[in-house]
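These notes are about the structure you will find just below.
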Amino acid sequence: MKKIFVVISLLIVNQIFSQELYKEKYRPQFHFTPQTNWCNDPNGLVYFNREYHLFYQSNPFGNQWGHMSWSHSVSKDLLHWQHLPVALKEENGIMMFSGSAVIDEKNTSGFGKDAMVAIYTGHTDTLQTQNIAFSNDAGRTFTKFNNNPVLNLHQKDFRDPNVFWYQKNNCWIMSVSHPNEHQIEFYQSGDLKNWKSLSLFGPAGDTSAVWECPDLMQVSIEGTKEKKWVLFTSQNSTMQYFVGEFDGTKFINENRSKIFKQDFGTDYYAAIAYHNTPDKNPISIGWLNNWNYANSIPTSPWKSAMSLPRKLSLKKINGEWILIQNSLQNLKSLRVSSKSFTTKIVSKQADIDFHGNVFEAEILFIPSTTGESGIKLAVGNNHFLKISYDAANQQMIIDRSQTNSSFNKIFASINTSSAKIPLHNGKLKWHIYFDKSIVEIFVNDGEAVFTTQIFPEENENNIQLFSNNGNTKFDHITFWNLKSIW
Ligand code: FRU
């Protein structure tokens, strides 16, 4: 009897605790965040037994980077998450750096049919090696392989292995980064334990910072049954992608004219994808923070969020392969109420009769051809986030210089992001997700995405349209209040 009472009391306390946990200032309501403590890169994204596994870099002991381990959550719909115990812990002074996970359907490793195998970097100050661990209970517990490391080049920087099953050659392929050389090395294995080098890709594209977190996958071309190979890398605070072919040995880049970015905002990094989704179309998740100030953002008791899961596809635009990213349809189930506005001509400024800090918006408009136009969010106390289009220069700009940045000088200095975005028949379409301290903007049905963090007060929740020179015609605007996933 006493035992039952204790268990019920604990359940109630836990309930109260977790309810309060997701009500803190700045706490995202429909983006993934850990209950407490620091997190960075998503790791080991894998689908198994109708569960999406999200492992991620975490510090189980605090709200700053350190003691890197793999924390673990699962989801049935990529929307609602259940937190599970830490899956892979720092041990014997070796941290668990980023990596991937696969389901060994054919038991190539001998760890058991359908074993979940995590491939991660073991990190010390002087050495990074590739290691494996396996689970026979759907990722609930892992055993580190007793013959680790499985790949050791005796190098200080050699990390972030990403593995998939390559059907054509009946083998595993690993992409792994040589950060300082701006190179990705491809390896092949029949059993996840013995790895043979195949080729190197790079330097190419953006080499302004160390390369991390490679991910190679096949992505569908919109409107066809064809697929192309896409290679992603992360460098300091932005990501790039290359599109081309993988012939079983090497990757051949066909997108060479410029740097292709996965996200044009300030806060999107280290994204990797679920490769083995039910329909085999990859869905990626990125870390929403920026190493230049990541430890200093003013959130507690957690630090950092994950992006909305993004469906990936490709489209050829002006002779180049462009990555198309869109949010998942089931996000619509969070909509609780809406407000729509039809044709609004704005010259100068117009207040919108909708207020909020957890919402979604769709905006279709014809920007003024002579000036800057767009929308201001989180308006109040002389603060606002400005999302605009400069038609003369075909530039879309996210400017957070007028938001609270008192907590960190570097955050304050990295305050705008922009990209060249051509109009479609003179129009621009924005699909905005605003979640307390996160703003994700999908442009023109996913042709570009901007992700940024801001830290407004609760009452900085007004919204304004503006057009600083000439008229801007807002054809259609809809706002939805969204409910929490927690
Ligand atoms: C990328 C990264 C990885 C590394 C991990 C450490 O954000 O630097 O290269 O494995 O974070 O936490």
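Remember, it's 1-based here, ligands and their atoms both numbered in the order they're listed.
Two rings, from Phe145 and Phe111, have their centers less than 6.0 Å apart.
At a heavy-atom cutoff of 4.0 Å, ligand 1 is surrounded by Asn40, Asp41, Gln57, Trp65, Met68, Phe97, Ser98, Arg159, Asp160, Glu212, Cys213, Tyr269, Trp291.
Residues meeting the side-chain hydrogen bond (donor to acceptor under 3.5 Å, both in side chains) test with Ser199, sequence neighbours left out: none. Ser401 is linked by a side-chain hydrogen bond (donor to acceptor under 3.5 Å, both in side chains) to Asp399, counting only residues two or more places apart in sequence or in another chain. Remark: Gln130 pairs with Thr121 by the side-chain hydrogen bond (donor to acceptor under 3.5 Å, both in side chains) rule, at least two apart or across chains.
Using modelled atom types and a 3.5 Å distance limit, the side chains of Thr403 and His383 yield no donor-acceptor pair.
When the options Met396, Glu447, Gln395 are evaluated for a side chain to side chain contact (heavy atoms under 4.5 Å, CB included) with Ile421, the one that passes is Met396.
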